[in-house]
Amino acid sequence: MKIVMCDDNEEDLQEMERLLLQYGAGHPELEMETEKFTDAEALYCEIGKGVSADVYLLDMVMSEKNGIDLGRQIRERSQDKAIIYITSSEDYAMEAYGVHAVRYLLKPVKEESFYEALDYVLAHEKKERDPVFQVRTGEGLATVPYSRIASVESASRRLVLHLINGEDIRSVIIRRSFEEQVGELLQDDRFLQVHKSFVVNLNQVKRMDKSEILMERGGKIPISRARAADVKKAYMIFVAGKYA
């Protein structure tokens with residue numbers, strides 16, 4: 001995990017680094033890389049070039065560029081980077097909310113508040129980490145992130161993983177039922193069995209009618225008559241939850 005610190009006050013930057021090192025010592029499993037900036041303009045330029053980190057610890061009030069400028073620049077590039085503001089002023093709390101900062105800490109920072117903020121970031125990162133599906137192929141064991149799977153098909157006693165980039169991964173002959181083979185996928189809300197031989201990633205569905213699904217990247221998948229009502233209901237619940 002890469003963590004960037006930016007504060008134009010050298011003493012505050014050193015204190016931030018001390019807290020980070022102390023936190024890292026208590027979390028030996030965390031591979032932590034840190035970088036410091038005293039010049040907000042320099043960091044702003046780095047972000048503009050596409051250089052990124054996982055977590056940003058930012059002072060709010062700095063010369064040239066302030067913390068909100070940096071936060072907006074980060075959000076233009078990515079929505080999933082964690083921003084933690086550490087500042088001596090309460091005046092920018094609403095602006096911090098606007099760039100979806102995870103915490104707004106006042107100086108002098110209390111250790112427990114600092115560590116709680118990092119604990120929150122780590123917990124969120126673990127939750128968002130993409131699980132993987134493993135399938136045995138003729139070339140060995142293939143490991144595929146869930147997010148790359150558009151659909152899974154049962155064909156001639158083999159699993160065929162249709163990926164969102166158009167690639168197919170075909171398994172060796174399977175000994176268990178299709179439902180058993182894809183059981184772990186079906187524990188994830190993204191995946192739904194729509195036919196005895198098909199499971200789809202609902203994020204990759206472009207349109208659905210009573211008898212078939214049109215996928216985002218082309219191709220149609222049949223919906224079995226027996227499952228049609230349940231499939232429609234599950235899809236509507238998924239879409240409603242996604243945009244709630």
Side-chain angles (χ1 to χ4, degrees), residues 1-131 145 147-148 203 240-244:
M1 173 178 286
K2 183 176 180 180
I3 302 176
V4 162
M5 300 166 276
C6 185
D7 195 315
D8 58 2
N9 184 304
E10 187 66 40
E11 290 184 4
D12 289 342
L13 195 60
Q14 289 177 359
E15 174 62 9
M16 206 184 304
E17 184 176 34
R18 183 190 71 80
L19 290 172
L20 266 183
L21 291 174
Q22 192 166 300
Y23 184 83
H27 295 76
E29 78 287 354
L30 180 61
E31 296 183 7
M32 192 166 62
E33 174 190 352
T34 63
E35 187 174 5
K36 297 185 295 182
F37 288 84
T38 55
D39 183 353
E41 181 70 33
L43 177 55
Y44 188 88
C45 292
E46 286 291 291
I47 296 168
K49 294 175 184 176
V51 179
S52 67
D54 301 297
V55 183
Y56 291 88
L57 304 175
L58 307 176
D59 186 22
M60 185 63 81
V61 182
M62 296 180 283
S63 59
E64 301 297 331
K65 299 292 183 182
N66 61 32
I68 294 301
D69 294 327
L70 291 171
R72 288 171 179 160
Q73 179 81 331
I74 292 165
R75 287 291 170 252
E76 286 178 7
R77 295 281 175 173
S78 174
Q79 293 297 315
D80 62 358
K81 307 304 182 183
I83 300 173
I84 298 173
Y85 285 118
I86 300 175
T87 180
S88 56
S89 173
E90 297 181 352
D91 296 340
Y92 298 90
M94 290 305 296
E95 287 89 341
Y97 178 80
V99 295
H100 308 292
V102 300
R103 289 293 184 272
Y104 190 92
L105 307 179
L106 291 175
K107 298 178 182 179
V109 180
K110 296 179 180 179
E111 287 188 4
E112 57 268 30
S113 299
F114 187 82
Y115 296 155
E116 185 280 330
L118 292 176
D119 286 342
Y120 175 86
V121 170
L122 285 180
H124 184 73
E125 190 270 338
K126 289 177 181 177
K127 182 179 178 181
E128 294 298 314
R129 190 178 299 149
D130 200 5
S147 60
R148 291 185 57 207
N203 280 321
K242 186 175 179 181
Y243 295 105

Checklist entry - Does the side chain of L13 come within less than 4.5 Å of T38's, by heavy atoms? => result yes
Checklist entry - R75 and I83: side chain to side chain contact (heavy atoms under 4.5 Å, CB included), yes or no, with the steps? => result CA-CA 10 Å; R75 287 291 170 252; I83 300 173; 3.7 Å; yes
Item to check | side chain to side chain contact (heavy atoms under 4.5 Å, CB included) assessment of V102 paired with V121 | outcome: CA-CA 8 Å; V102 300; V121 170; 4.0 Å; yes
Item to check | Note, E116 side chain near R103 side chain (heavy atom, < 4.5 Å) | outcome: yes
Item to check | Approximate separation, where rounding is to 0.5 Å, of K110 NZ and L19 CG | outcome: 13.5 Å
Checklist entry - With R18, which residues qualify under salt bridge (Lys or Arg N to Asp or Glu O under 4.0 Å), at least two apart? => result E15, E111
Item to check | Partners passing salt bridge (Lys or Arg N to Asp or Glu O under 4.0 Å) against K65 (at least two apart in sequence or in another chain) | outcome: none
Checklist entry - Mind checking what makes side-chain hydrogen bond (donor to acceptor under 3.5 Å, both in side chains) contact with S88, not counting sequence neighbours? => result none
Checklist outcome for this item: Rounded to the nearest 0.5 angstrom, the CE-CE distance for M1 and M32 is 9.5 Å
Item to check | Counterpart residues, ring pair (Phe, Tyr, Trp, His ring centres under 6.0 Å), relative to Y23 (two or more places apart) | outcome: H27, Y115
Item to check | Neighbour count >12 (heavy atoms, 6.0 Å) for atom CD, E11 | outcome: no
Residues 40-60 side chain polar contacts: donor-acceptor under 3.5 Å, at least two apart:
unit_1, atom_1, unit_2, atom_2, d
D54, OD2, K2, N, 2.7
Y56, OH, A53, N, 3.0
D59, OD1, K107, NZ, 3.4

Checklist entry - Is the count of non-hydrogen atoms from other residues, nucleotides or ligands lying under 6.0 Å from E10 atom CD greater than 12? => result yes
Next on the checklist: Please report the interatomic distance CG(L30) to CG(L118), rounded to the nearest 0.5 Å.
Outcome noted: 8.5 Å
Item to check | Heavy-atom closest contact (L106 atom, S89 atom, distance) | outcome: CD2-O, 3.7 Å
Next on the checklist: Give me each pair satisfying ring pair (Phe, Tyr, Trp, His ring centres under 6.0 Å) with a member in residues 68-113, each pair once, sequence neighbours excluded.
Outcome noted: none
Checklist entry - Atom SG of C6 and atom CG of D12: how far apart are they, to the nearest 0.5 Å? => result 12.0 Å
Checklist entry - What pairs of residues pass the salt bridge (Lys or Arg N to Asp or Glu O under 4.0 Å) test when at least one of them lies in residues 78-101, not counting sequence neighbours? => result none
Item to check | Residue pair I84 / A117: nearest heavy atoms and the distance that separates them | outcome: CD1-CB, 3.8 Å
Next on the checklist: Within this structure, what is the CE-CG distance for the pair M16 and D7, rounded to the nearest 0.5 Å?
Outcome noted: 4.5 Å
